[in-house]
Amino acid sequence: MYTVLLFYKFINIDDPEKVRSEQEEFCYKHGFKGRILVGKEGINGTLSGTQESCQNYMVFTESQVGKIDWKLSNTTLQDIFPKLKVKVRPEIVTFGTKVNMNNKAQYLEPHELKQMYDNNEDFLILDGRNEYEARIGRFKNAVIPDIEHFRDFPAWFQKNKDIFKNKKVVTYCTGGIRCEKLSAYLIDQGVENVYQLHGGIHRYSEMVKGENFEGEMYVFDRRVHVP
């Protein structure tokens with residue numbers, strides 16, 4: 001059995017190249033495959049390895065950047081990623097528009113979102129992924145931006161911002177990183193009542209078994225999508 005780690009953290013990193021080098025050395029030594037992006041705004045990655053090596057990796061990475069909200073899943077597939085890539089990038093998730101991450105929205109927990117559905121509350125749930133991912137699976141009644149890349153969202157928003165007026169907005173994505181940045185952008189743009197789904201679809205599926213999610217979850221590895 002192998003473990004897949006999905007993780008990110010927005011944190012100021014003064015020397016991304018140093019963190020990248022240390023990450024690469026550790027990952028090669030312990031046989032990891034996957035992708036890690038490091039930048040001045042933080043770290044973002046998805047890796048696969050043995051259960052023991054993943055436990056060691058979590059301890060190591062938290063020694064670099066502090067506590068991380070990890071998402072773990074298990075698979076019998078050994079090579080769900082073709083190789084290891086550890087890169088320094090200007091952004092750890094490419095948005096292309098400057099965002100004040102101090103404005104990120106407060107978390108909405110999975111059980112709170114389920115309760116909103118159960119109570120038939122009036123809210124706008126916004127998919128922070130691309131249109132292809134949303135076709136594979138999405139939340140019930142979600143607004144799906146017609147975009148191919150996350151960086152296309154600002155242009156889409158400027159054309160569609162009226163739909164956000166006087167709405168309670170919940171952003172979501174796979175593991176949380178895109179909906180966190182997206183929530184900060186919406187607040188920057190004057191949208192007032194914004195929340196982000198804590199841990200994304202991944203955490204929601206663990207906590208409430210995916211109720212109100214239609215289809216499957218797209219993942220960035222050989223599995224392509226999972227129930």
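Along the sequence shown, residues carry numbers from 1. Since the model is a prediction, treat every value here as computed from it, not as a measurement.
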Let me check something: do [X] and [Y] share a hydrophobic cluster, defined by ILVMFWY side-chain heavy atoms less than 4.5 Å apart, either directly or through other members?
X	Y	value
L5	F81	no
F153	M101	yes
V226	F139	yes
V170	I177	no
L182	V143	yes

Check your understanding: What do you reckon, is CD of E148 surrounded by more than 12 foreign heavy atoms closer than 6.0 Å?
Key -> no
Exercise for review: Might you confirm whether atom CG of D146 has over 12 heavy atoms from other residues, nucleotides or ligands at distances under 6.0 Å?
Suggested key: no
Between [X] and [Y], what is the ring plane arrangement, given parallel below 30°, perpendicular above 60°, and tilted in between?
X	Y	value
F164	F157	tilted
Y218	Y132	perpendicular
Y117	F123	perpendicular
F10	Y8	perpendicular
F7	W70	tilted

Do the non-hydrogen side-chain atoms of [X] and [Y] ever get within less than 4.5 Å of each other?
X	Y	value
K165	I163	no
H30	E52	no
F150	C173	no
Y172	L108	no
T50	T3	no
V169	V191	yes
V38	E17	no
R223	T75	yes

To the nearest 0.5 Å, how far apart are [atom1] in [X] and [atom2] in [Y]?
X	Y	atom1	atom2	result
I92	I11	CD1	CD1	10.5 Å
N166	E192	CG	CD	8.5 Å
D15	R20	CG	CZ	10.5 Å
R129	I147	CZ	CD1	10.5 Å
S73	I80	OG	CD1	7.0 Å
L47	Y2	CG	OH	15.0 Å

Thinking salt bridges, do [X] and [Y] make one under a 4.0 Å N-O criterion?
X	Y	result
E109	K114	no
D79	K33	yes
D69	R203	yes
K18	E22	yes
E206	K71	no
K40	D14	no
E180	K104	yes
K85	E24	no

Point to revise | Y57-Q23 side chain donor-acceptor pair, cut-off 3.5 Å | key: yes
Point to revise | Test item: side-chain donor near acceptor, Q115 and D118, under 3.5 Å | key: no
Exercise for review: Dump the intermediate steps for ring pair (Phe, Tyr, Trp, His ring centres under 6.0 Å) on F213 and Y204, then the final yes or no.
Suggested key: CA-CA 9 Å; F213 191 81; Y204 186 90; 7.7 Å; no
For [X] and [Y], indicate whether the former's side chain and the latter's backbone hold a donor-acceptor pair under 3.5 Å.
X	Y	value
K9	V65	yes
E62	I68	yes
Q196	S183	no
N119	M116	no
S205	H202	yes

Review point. So, for F95 and Y185, is the gap between ring centers shorter than 6.0 Å?
Key: yes
Check your understanding: What residues form a salt bridge (charged side-chain N to carboxylate O under 4.0 Å, His left out) with R135, not counting sequence neighbours?
Key -> E131
Check your understanding: Which is it for K98 and D188 under the salt bridge (charged side-chain N to carboxylate O under 4.0 Å, His left out) test, yes or no, and what are the steps along the way?
Key -> CA-CA 10 Å; K98 189 172 179 58; D188 279 352; over 6 Å; no
At their closest point, which heavy atom of [X] faces which heavy atom of [Y], and how far apart are they?
X	Y	value
L126	P145	CD1-CG, 3.9 Å
E91	T94	OE1-CA, 3.8 Å
L84	C27	CD2-CB, 3.5 Å

Exercise for review: Could you check I36 against K87 for side chain to side chain contact (heavy atoms under 4.5 Å, CB included), going step by step and ending with a plain yes or no?
Suggested key: CA-CA 6 Å; I36 301 168; K87 303 287 186 182; over 6 Å; no
Exercise for review: Test side chain to side chain contact (heavy atoms under 4.5 Å, CB included) on I144 and R138 and set out the steps.
Suggested key: CA-CA 8 Å; I144 311 297; R138 72 214 65 80; 4.1 Å; yes
Practice item. Under the salt bridge (charged side-chain N to carboxylate O under 4.0 Å, His left out) rule, what do E41 and K181 come out as? Steps first, then yes or no, please. Key: CA-CA 11 Å; E41 67 176 4; K181 195 167 230 185; 3.2 Å; yes
Check your understanding: Hey, mind stepping through M207 and H111 against side chain to side chain contact (heavy atoms under 4.5 Å, CB included) and telling me if it holds?
Key -> CA-CA 7 Å; M207 302 301 291; H111 72 274; over 6 Å; no
Review point. Are I125 and L113 close enough, and set up right, to give a side chain to side chain contact (heavy atoms under 4.5 Å, CB included), and what steps lead you there?
Key: CA-CA 10 Å; I125 184 159; L113 177 59; 4.0 Å; yes
